Amino acid sequence: ATMLSMAAMKADPLDNARKAFNNCMIEVHNKAVGEKVSPSDFLKTAESACTTERTAYHSMMVKAERSYGSSQKDAEQFANEEVQMMIDGIVSSFNENAETGAKLTPEK
């Protein structure tokens, strides 16, 4: 039973979409660190990066929230907040890593 639940977790489309968006943002972060982009320029880049992955994750999040009984408005607001938290996390990491050149490791 444990193996079945682990297999089910691995195939979670919402988590896969989150991971795809996160890993795309990590690539953007790492490229910007390597190119020594300024924090203000990175903020602009991060806000508009990975639109395909961001849209897929946002859509799946809304769908999941709706399946839990949330209204469309609440589901979209929650999804917007989740996406923004991931962007803010990458921006925060960039601000810490810009000086040292440290890079993030993508999720497996």
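This one's a predicted model, so the numbers in the text were calculated from it and none came from an experiment.
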Measure across [X] and [Y] and return the closest heavy-atom pair with its distance rounded to 0.1 Å.
X     : Y     : value
Met25 : Ala46 : CE-O, 3.5 Å
Val28 : Cys50 : CG2-SG, 3.9 Å
Ser67 : Ala64 : OG-O, 2.6 Å
Ala17 : Met60 : CB-SD, 3.7 Å

Query raised in the report: Hey, are Glu35 and Lys31 close enough for a salt bridge, meaning a charged N less than 4.0 Å from a carboxylate O?
Result: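 Salt bridge present between Glu35 and Lys31.
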Query - Pair Arg18 + Glu107, salt bridge at N-O below 4.0 Å - result: yes
Report summary line: The salt bridge (charged side-chain N to carboxylate O under 4.0 Å, His left out) partners of Glu81 (sequence neighbours excluded) come to none
Side-chain donor/acceptor of [X] to backbone N/O of [Y], under 3.5 Å:
X     : Y     : answer
Lys36 : Ala98 : no
Ser70 : Arg66 : no
Arg54 : Phe21 : no

**Report entry** Distance in Å, Glu53 CD paired with Asn16 CG, rounded so as to fall on 0.5 Å steps
**Finding:** 13.0 Å
Query raised in the report: Got a second to check how far His58's NE2 is from Thr51's OG1, nearest 0.5 Å?
Result: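 Those atoms lie 13.5 Å apart.
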Ignoring hydrogens and angles, write down the donor-acceptor pairs under 3.5 Å from the side chains of residues 85-96, residues two or more places apart or on other chains.
{"unit_1": "Asp88", "atom_1": "OD1", "unit_2": "Gln84", "atom_2": "NE2", "d": "2.9"}
{"unit_1": "Ser93", "atom_1": "OG", "unit_2": "Gly89", "atom_2": "O", "d": "3.1"}
{"unit_1": "Asn95", "atom_1": "ND2", "unit_2": "Val91", "atom_2": "O", "d": "3.4"}

Query raised in the report: Would you say Glu99 has more than 12 foreign heavy atoms packed within less than 6.0 Å of its CD?
Result: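 Count not over threshold, so no.
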**Report entry** Worked check of side chain to side chain contact (heavy atoms under 4.5 Å, CB included) between Asn97 and His29
**Finding:** CA-CA 9 Å; Asn97 297 333; His29 166 280; 3.2 Å; yes
Report task. With sequence neighbours excluded, tell me which residues meet side-chain contact (heavy atoms from CB on, under 4.5 Å) with Lys103. Result -> Asn30, Val33
Query raised in the report: Are Lys19 and Tyr57 close enough that some pair of their side-chain heavy atoms sits under 4.5 Å apart?
Result: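 A side-chain contact under 4.5 Å is absent here.
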Query raised in the report: According to a 4.5 Å side-chain heavy-atom criterion applied to Ile, Leu, Val, Met, Phe, Trp and Tyr, with indirect links allowed, do Val62 and Leu14 form part of one hydrophobic cluster?
Result: no
Query - side chain to side chain contact (heavy atoms under 4.5 Å, CB included) between Met61 and Glu76, worked out - result: CA-CA 8 Å; Met61 180 81 64; Glu76 286 184 20; over 6 Å; no
